[in-house]
Amino acid sequence: MAKLSGKVVYIYPTAQLTSKSGNTFTKRDFVIALQSFDRDTGEPAIDPDNTPQLTLTGDRCAQLDGVTPGDIVSVDFYLRGRRYRDPESNKEKIITDINVTSVRVTARALRQPETAAAATASEATPAAAPPAQSNDDLPF
């Protein structure tokens with residue numbers, strides 16, 4: 001089992017699908033910007049260009065309920081590869097799946113209540129204040 005962390009970019013709605021064998025299943029995709037560590041300082045940083053799409057299936061889809069874009073999550077997963085022969089070209093291909101087993105929120109995105117958000121928006125553009133007058137004679 002492997003782990004990764006990152007910032008949630010997008011969460012797709014849960015989808016009901018039917019397999020080739022006729023079985024129905026649910027899946028829910030989400031995209032995260034991966035967290036990496038600066039090689040000089042060791043400080044964590046979100047890499048906005050490294051954004052894999054991950055998938056939860058079945059009952060695990062509910063793990064994304066309550067998660068919102070901007071949240072920092074820790075994801076446990078394992079890789080699964082299987083061979084596939086393309087019927088048109090008769091070439092063998094490998095399909096690699098990232099099977100997510102758990103998603104945990106480690107830090108919530110900053111959220112403001114809707115009433116406070118409206119007040120904050122009006123405070124963000126204050127009227128111009130008069131220039132401050134100073135009585136000290138320092139040139140800086």
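Note that the numbering runs from 1 along the sequence shown for the chain. Quantities reported herein were computed from a predicted structural model and do not represent experimental measurements.
- Residues Arg104 and Val73 have side chains not in contact (no heavy-atom distance under 4.5 Å, counting atoms from C-beta outward).
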message: Does Leu34 form a side chain to side chain contact (heavy atoms under 4.5 Å, CB included) with Thr51? I'd like the steps, not just the answer.
response: CA-CA 6 Å; Leu34 288 182; Thr51 55; over 6 Å; no
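- Ser36 and Asp47 form no side-chain donor-acceptor contact under 3.5 Å, judged by distance and modelled atom types alone.
- The number of heavy-atom neighbours closer than 6.0 Å to CG of Asp86, taken from other residues, nucleotides and ligands shown, is above 12.
- Under a hydrophobic-cluster definition in which Ile, Leu, Val, Met, Phe, Trp and Tyr are linked whenever side-chain heavy atoms come within less than 4.5 Å, directly or via other members, Ile11 and Leu54 are assigned to the same cluster.
- In this structure, Leu17 belongs to a hydrophobic cluster whose other members, linked by side-chain heavy atoms under 4.5 Å apart, are Phe25.
- By the criterion of side-chain heavy atoms lying less than 4.5 angstrom apart, applied directly or through intervening Ile, Leu, Val, Met, Phe, Trp or Tyr residues, Val105 is grouped together with Phe30 in one hydrophobic cluster.
- At least one side-chain heavy atom of Ser102 sits less than 4.5 Å from a side-chain heavy atom of Gln63.
- Put simply, the side chain of Pro69 does not reach to within 4.5 Å of the side chain of Asp71, judged on heavy atoms.
- Proximity of Asn99 to Leu79: side-chain heavy atoms (C-beta onward) are nowhere separated by under 4.5 Å.
- Note that CZ of Arg83 is 12.5 Å distant from CD1 of Ile95, once rounded to the nearest 0.5 Å.
- Gln35 and Pro44 get closest at one heavy-atom pair: NE2-CB, 2.9 Å.
- Put simply, the side chain of Asp65 reaches to within 4.5 Å of the side chain of Arg28, judged on heavy atoms.
- Although no hydrogens or angles enter the test, the distance criterion places no donor-acceptor pair under 3.5 Å between the side chain of Thr18 and the main chain of Gly22.
- In the hydrophobic cluster analysis, where Ile, Leu, Val, Met, Phe, Trp and Tyr join through side-chain heavy atoms closer than 4.5 angstrom, Phe77 is grouped apart from Val9.
- Val31 is listed as a side-chain neighbour of Tyr12, based on a closest heavy-atom distance under 4.5 Å.
- In this structure, the side chains of Thr96 and Arg80 stay at 4.5 Å or more apart for every pair of heavy atoms.
- Heavy atoms only, all atoms of each residue included: Val67 and Arg108 are closest at CA-NH1, 4.1 Å.
- Between Ile72 and Ile46, some side-chain heavy-atom pair lies under the 4.5 Å cut-off.
- Interatomic distance, Leu64 CG to Leu56 CG, rounded to the nearest 0.5 Å: 5.0 Å.
- With respect to the salt-bridge test (charged N to carboxylate O, under 4.0 angstrom), the residues Asp76 and Lys3 qualify.
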- request: Just do the side chain to side chain contact (heavy atoms under 4.5 Å, CB included) check on Ile94 and Tyr84 with the steps written out, would you?
  value: CA-CA 6 Å; Ile94 303 294; Tyr84 168 77; over 6 Å; no
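- Minimum heavy-atom separation, Pro48 to Ala33: CA-CB, 4.2 Å.
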